[in-house]
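Notes follow the structure.
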Amino acid sequence: MGLGAVYTEAGDPVDVVKLVDLDEPSDPGPGQVLIRVTLFPIHWGDLQAIQLASPTRQTRAGVEATGVVEKVGAGVHHVTPGTRVSVFPQPGAWAERFTAAAQFVVPVPESLSDEVAAQMLVNPLTVLMLRREAEKHFATGYDGVVLNNAAGGAVGRLVTADLSNHDIATVSLVRRAETAQQLRERFPEVPVVVTEDLDWVDAVRDLIGGRTVGAALDPIGGALSADLLGLVSPGGTVVVYGRMADEPIPVHASALGDRGLTLRGATIGRWVATTSPEQRVSDTHTASLMAQALSSQFDVAAIYPIAELSDAIRNATKPGKTGTVLVRP
């Protein structure tokens, strides 16, 4: 037996996610790995999935974790018992132990702490996906600039650091002045605009200074996405990779057609569904390299024991926190 997080209905994750005793994981079959979890993250996407779910039975929560291999099945050669690994996608990752498909199990570099390893896949893969979207515009990485909304979040900070490493200029957009100050201290070379300010759109235009805005990256949606469409240059794209806002995006057809703009969705779930096995191997290797190169950007807001999962979820939803909430089984 071992503890795991489950839910049977949609709703506030604090209310609907419960810890239960799960059956002992079976020994791994061919192409499988048995993992003892050391840490798992609570991502905003995890919580949204629970809020919007339509479960017909008990569903296990979580998609990413890090841990240690206990057993491997036939045909598994890239990890052995005792290997530190991270796993994504892994439905039911919020648990003490689970059996995973070996193809989604990635060895953790020795230099990485468990705290970074627990965040090694979902967020870096999201950033890689977003960078590829931004690089579709000819100006990205040259004379253009990318708008990075919600730049104070875990993904937003990693976007700033990664794009800077690839010589891609960005402007950070955040909601609160205190978050803006934290980002100025962390990335002094990257301008920051506070979207609560009434003149924030004009402030962005002043910072752009006539440069091409080929892409805007937005995990919020709603009216803010429409504002970003007004800021991107002809032929540019707003990439919406989250749905934090409850309202729809108010866009008139002329806003797209007259300037040749694109409003595009991109999610880590779509990456899972559409990426070939060969690209997945390459992308997860890139994610591992990103975690090693930018390990200082993988902040941890707090670490909770699994018995305090409800408190961990509650903390994960707090605005203004810096870093990812982790849970230790």
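None of the values given here were measured: they were computed from a predicted structure.
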Problem - Thr262 (side chain) donor-acceptor with Gly260 (main chain) under 3.5 angstrom - result: no
Exercise for the section: Mark yes when over 12 heavy atoms from residues, nucleotides or ligands other than His285 sit less than 6.0 Å from its NE2; otherwise mark no. Expected result: no
Completion exercise
Interatomic distance, CZ@Phe88 vs CD@Gln119, rounded to 0.5 Å, equals 14.0 Å
Problem - Flag side-chain contact, heavy atom, 4.5 Å: Phe98 against Val37 - result: yes
Handout entry: Residue pair Thr237 / Lys136, side-chain heavy-atom distance below 4.5 Å
Key = no
Problem - Check: Thr324 and Phe298 side chains under 4.5 Å, non-hydrogen atoms - result: no
Practice task
Quick one: which residue pairs count as a ring pair (Phe, Tyr, Trp, His ring centres under 6.0 Å) with a foot in residues 19-69, not counting sequence neighbours?
Solution key: Phe40-Trp94
Fill in the blank from the handout: Smallest heavy-atom separation, Pro124 atom then Met120 atom, equals CG-O, 3.2 Å
Practice task
State whether the side chain of Asp12 and the backbone N or O of Val14 hold a donor-acceptor pair below 3.5 Å, judged by distance alone.
Solution key: yes
Exercise for the section: Return yes if some donor-acceptor pair links the side-chain N/O of Arg175 with the main-chain N/O of Gly152 below 3.5 Å, else return no. Expected result: no
Exercise for the section: Without swapping roles, check the side chain of Gln32 against the backbone of Gly73 for a donor-acceptor pair under 3.5 Å. Expected result: no
Problem - Partner of Ser86 by side chain to side chain donor-acceptor pair (under 3.5 Å), out of Thr284, Thr66, Asp114 - result: Thr66
Practice task
Say whether Thr140 and Glu135, considering side chains only, have a donor N or O and an acceptor N or O under 3.5 Å apart.
Solution key: no
Exercise for the section: Check for a donor-acceptor pair, side chain of Glu133 on one end and backbone N or O of Met129 on the other, with a separation under 3.5 Å. Expected result: no
Problem - N-O pairing of Arg132 and Asp283 below 4.0 Å - result: yes
Practice task
Decide whether Val159 and Leu173 are clustered together by the hydrophobic rule: side chain heavy atoms of Ile, Leu, Val, Met, Phe, Trp, Tyr closer than 4.5 Å, transitively.
Solution key: no
Practice task
Flag yes if Val108 and Val105 sit in one hydrophobic cluster, no otherwise; membership is Ile, Leu, Val, Met, Phe, Trp, Tyr, and two members link when side-chain heavy atoms are under 4.5 Å apart.
Solution key: no
Exercise for the section: Report yes if the side chains of Leu228 and Asn149 come closer than 4.5 Å at any heavy-atom pair, otherwise no. Expected result: yes
Exercise for the section: Identify the two heavy atoms, one from Leu183 and one from Ser172, that lie closest to each other, and give their separation to 0.1 Å. Expected result: CD1-CB, 4.2 Å
Handout entry: Atom pair CG (Leu217) and OG1 (Thr170), whose distance is rounded to the nearest 0.5 Å
Key = 9.0 Å
Practice task
State, yes or no, whether a side-chain contact exists between Ile42 and Leu309 at a heavy-atom distance under 4.5 Å.
Solution key: yes
Problem - ILVMFWY cluster, Val106 and Leu125 together (side-chain gap under 4.5 Å) - result: yes
Exercise for the section: Identify whether Leu263 and Val201 are in the same connected component of the hydrophobic contact network (ILVMFWY, side-chain heavy atoms under 4.5 Å). Expected result: yes
Exercise for the section: Run the numbers on Asp167 and Tyr142 for side-chain hydrogen bond (donor to acceptor under 3.5 Å, both in side chains), then give the verdict. Expected result: CA-CA 8 Å; Asp167 296 320; Tyr142 296 92; over 6 Å; no
Practice task
In sequence, state the C-alpha distance, the side-chain angles, and the governing distance for Thr80 and Val69, and then conclude on side chain to side chain contact (heavy atoms under 4.5 Å, CB included).
Solution key: CA-CA 7 Å; Thr80 58; Val69 173; over 6 Å; no
Practice task
Go through the steps for Ile303 and Val327 under the test side chain to side chain contact (heavy atoms under 4.5 Å, CB included), then give the verdict.
Solution key: CA-CA 5 Å; Ile303 300 177; Val327 177; over 6 Å; no
Exercise for the section: Determine the minimum heavy-atom distance between Val232 and Ala215, stating which atoms define it. Expected result: CG1-C, 4.3 Å
Practice task
Report the C-alpha distance between Trp200 and Asp227 in whole Å, list the side-chain angles of each, state the deciding distance to 0.1 Å, and finish with yes or no for side-chain hydrogen bond (donor to acceptor under 3.5 Å, both in side chains).
Solution key: CA-CA 10 Å; Trp200 75 269; Asp227 291 333; 4.5 Å; no
Exercise for the section: Mind checking the OG1-CD spacing from Thr160 to Glu189? Nearest 0.5 Å is all I need. Expected result: 9.0 Å
Problem - Worked check of side-chain hydrogen bond (donor to acceptor under 3.5 Å, both in side chains) between Gln181 and Glu185 - result: CA-CA 6 Å; Gln181 184 55 37; Glu185 294 171 0; 3.3 Å; yes
Practice task
Please answer whether the main-chain N or O of Ile268 pairs with a side-chain N or O of Thr126 as donor and acceptor at a distance below 3.5 Å.
Solution key: no
Problem - Exam field: side chain Asn148 to backbone Gly156, donor-acceptor pair closer than 3.5 Å - result: yes
Handout entry: Which atom of Pro81 lies closest to which atom of Lys71, heavy atoms considered
Key = CG-CA, 4.4 Å
Problem - Whether Lys321 side chain and Ala316 backbone form a donor-acceptor pair below 3.5 Å - result: yes
Practice task
Please check if the side chain of Arg259 supplies one atom and the backbone of Leu229 the other of a donor-acceptor pair under 3.5 Å.
Solution key: yes
Practice task
Using a 4.5 Å cut-off on heavy atoms from C-beta on, say whether the side chain of Ile168 contacts that of Val145.
Solution key: no
Problem - CD1 on Ile220 to CD on Glu247, rounded to 0.5 Å - result: 10.0 Å
Exercise for the section: State whether Glu70 and Arg97 are salt-bridged, where the test is any N-O pair (Lys NZ or Arg NE/NH1/NH2 against Asp/Glu carboxylate O) under 4.0 Å. Expected result: yes
Exercise for the section: In sequence, state the C-alpha distance, the side-chain angles, and the governing distance for Arg264 and Val238, and then conclude on side chain to side chain contact (heavy atoms under 4.5 Å, CB included). Expected result: CA-CA 6 Å; Arg264 181 174 176 83; Val238 173; over 6 Å; no
Exercise for the section: Can you establish whether the number of heavy atoms outside Leu52 located under 6.0 Å from its atom CG is more than 12? Expected result: yes
Exercise for the section: Starting from the C-alpha separation in whole Å, work towards a yes-or-no answer on side chain to side chain contact (heavy atoms under 4.5 Å, CB included) for Arg176 and Val194. Expected result: CA-CA 6 Å; Arg176 296 177 177 83; Val194 178; 5.7 Å; no
Practice task
Determine whether the side chains of Asp218 and Ser225 contain a donor N or O and an acceptor N or O closer than 3.5 Å.
Solution key: yes
Handout entry: Flag if over 12 foreign heavy atoms under 6.0 Å of CG, Asp21
Key = yes
Handout entry: Side chain to side chain, Arg186 and Asp299, heavy atoms closer than 4.5 Å
Key = yes
Handout entry: Nearest atoms (heavy-atom pairs only) where Ala118 meets Pro41
Key = O-CG, 3.2 Å
Exercise for the section: Nearest 0.5 Å please: distance from the CZ atom of Arg84 over to the CD1 atom of Ile35. Expected result: 13.0 Å
Practice task
State whether the side chain of Ser233 and the backbone N or O of Gly236 hold a donor-acceptor pair below 3.5 Å, judged by distance alone.
Solution key: no
Practice task
Indicate, with yes or no, if Val85 and Leu39 share a hydrophobic cluster defined by side-chain heavy-atom contacts under 4.5 Å among Ile, Leu, Val, Met, Phe, Trp and Tyr.
Solution key: no
Problem - Beyond-backbone contact of Val87 with Glu64, side-chain heavy atoms, under 4.5 angstrom - result: no
Handout entry: Spatial distance of atom CD (Glu9) from atom OG1 (Thr59) [nearest 0.5 Å]
Key = 11.5 Å
Problem - Minimum heavy-atom distance Phe187-Arg157, with the two atoms named - result: CZ-O, 3.7 Å
Exercise for the section: Apply the side chain to side chain contact (heavy atoms under 4.5 Å, CB included) test between Val6 and each candidate in Val17, Val20, Val16; give the one that qualifies. Expected result: Val20
